[in-house]
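Heads up, the thing below is written out as structure tokens.
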Protein chains: 2
Amino acid sequence: MRLVIAHCAVRYSGRLVAYLPPATRVLMIKADGSVLIHNDGGSYKPLNWMMAPCQLAVSEPDEGARERGVTELWTVQNQKTDDRLEIEVVEVFSDVQQELGHDPGLVKDGVEAHLQELLAEQIALLGNGHTLVRREYPTAIGPVDILARDSAGGSVAVEIKRRGEIDGVEQLTRYLELLNRDPLLRPVRGVFAAQEIKPQARVLAEDRGIRCVVLDYDAMRGVDDADSRLF
Amino acid sequence: MRLVIAHCAVRYSGRLVAYLPPATRVLMIKADGSVLIHNDGGSYKPLNWMMAPCQLAVSEPDEGARERGVTELWTVQNQKTDDRLEIEVVEVFSDVQQELGHDPGLVKDGVEAHLQELLAEQIALLGNGHTLVRREYPTAIGPVDILARDSAGGSVAVEIKRRGEIDGVEQLTRYLELLNRDPLLRPVRGVFAAQEIKPQARVLAEDRGIRCVVLDYDAMRGVDDADSRLF
DNA sequence: TCGTTAATATCGTTG
DNA sequence: CAACGATGTTAACGA
């Protein structure tokens, strides 16, 4: 890992062409050769970058560049594609290098898979008498999150999202169209279940006869065995 | 901008709960208070982060943490939500601070907007005799990228993507449903135009009577006046 | 501010 | 390897 703070201009060409006018920025060169160029604000996305596999070469600037104050030209070339980053370094304010070693990586909790697991266990949240048929019920265009039966024995297909948006309703609609061709399941009702359902998604769902259910993750997890949690 | 290289463990809680076991990493603290935690590989996405507005507070570790070798506890708290990052710092290897100043930002060329611009200029790529009605043709659910007429005077709605995936077909389908309610336009045919069209998207589009057109950006740009390019 | 759409998206999982 | 869905997506652009 090498961290450089420098006044520089950057040109990228590859899937698109982009240019960063001269300014002071952070250049992060990782062990795998990848380069990130950060400014002093915004979110985690760099202004520009080159991902591995790639190689950094330092060369002398040509005369035109030297007249603009450029002292070094860094060229980062992707080894598989023709993506290329050219960094014109004007002045280096700081240059630090350090071995970081291997990183054990991130452990996560609280994603959609967990919601699905909890709803499968607590399927009565959809209504009294509901029973689980199976999770990830397969169809020709992909698995439905949950297939269940209501108290009257009718089929219920459930699409689960953390945030319910219009795409999720479209997805469930495609599943329902397919499932309703199966004489053993027909008629299949749809349930759109999410921690949060956007107004537009709710309107579309209800317009198509799909029921919306808002899930309370904390409450569902509270019902769940406390020992099974990661932290 | 402050760059710290330190051995540390990190816990995040907010929209999810996540934990980073102890290892040596880069901590980037930006002028707006945001914090990024990077390791020595992967892509531009940090292992963990906190975005502005947030505040960093340094405190003494409790006894349990001190026994694990923690020398400082950094707490980064989001000021609007209850997102929180806790960094247990064990050892600091490097700590650099530098004023970066304002960044003029990135200038881009070659994104979807340019594809749309070029296709509007070269509308005959859809077939001889096609004429442009307008770009960004407004509908109740958002603007259609391009509305055109074919040689017979029939309406053609075009959705443009760099990469054509299933979502784009759904999007165009929604537009077509609406446009076909307009007696002045009806019947409206659909064209899905992209630099690259995924097989599933093509199958869905053609199943719905939508024509797929693959665009060659470089060729289209080559036809375009070379002077109009940014770089 | 909210909502929608694009992105050099990135990232994990699956076939 | 390709394709698909989720992401603490982020970022840009309008209404």
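Below, each value reflects all heavy atoms present in this structure, side chains not excepted, and no hydrogens, waters or symmetry copies.
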Distance, rounded to the nearest Å, where [X] contributes [atom1] and [N] contributes [atom2]:
X        : N      : atom1 : atom2 : result
B/Asp32  : D/dT10 : CG    : C1'   : 14 Å
A/Glu159 : D/dA6  : CD    : P     : 7 Å
B/Lys161 : D/dC4  : NZ    : P     : 16 Å
B/Lys198 : C/dG15 : NZ    : C1'   : 15 Å
B/Leu204 : D/dG5  : CG    : C1'   : 16 Å
B/Asp145 : D/dG14 : CG    : P     : 13 Å
B/Glu196 : D/dA3  : CD    : P     : 7 Å
B/Glu165 : D/dC4  : CD    : C1'   : 8 Å

Does [N] have OP1 or OP2 under 4.0 Å away from a side-chain N or O of [X]?
X        : N      : result
B/Trp49  : D/dT9  : no
A/Ser43  : D/dT9  : no
A/Arg162 : D/dT7  : yes
B/Lys45  : C/dC11 : no
A/Gln171 : D/dC4  : no
B/Tyr175 : C/dT5  : yes
B/Arg15  : D/dT9  : yes

Base, sugar-phosphate, or nothing: which does [X] touch, judged by heavy atoms less than 4.0 Å apart?
X        : value
B/Pro199 : sugar-phosphate
B/Tyr12  : base
A/Met51  : sugar-phosphate

5'-most by nearest nucleotide on DNA chain C - A/Met50 or B/Gly42: A/Met50
Hey, which sits more toward the 5' end of DNA chain C by its nearest nucleotide, A/Leu16 or B/Pro143? B/Pro143
Test: B/Arg208 and B/Glu170 ion pair at under 4.0 Å: yes
With DNA chain D as reference, determine whether B/Asn78 or B/Ile166 sits nearer its 5' end, using the nearest nucleotide of each. B/Ile166
Nearest-nucleotide 5' precedence on DNA chain D, A/Lys80 against A/Leu106: A/Lys80
Is any side-chain heavy atom of B/Ile166 closer than 4.5 Å to a side-chain heavy atom of B/Lys198? no
Could you tell me whether the side chain of B/Leu118 reaches within less than 4.5 Å of the side chain of B/Tyr217, counting heavy atoms only? yes
For B/Tyr44, does its backbone N or O pair with a side-chain atom of A/Tyr44 as donor and acceptor, under 3.5 Å? no
Taking A/Asp83's backbone N and O only, do any of them form a donor-acceptor pair with A/Gln77's side chain (distance below 3.5 Å, no angle check)? yes
Is a donor from one side chain sitting under 3.5 angstrom from an acceptor on the other, for B/His38 and A/Lys30? yes
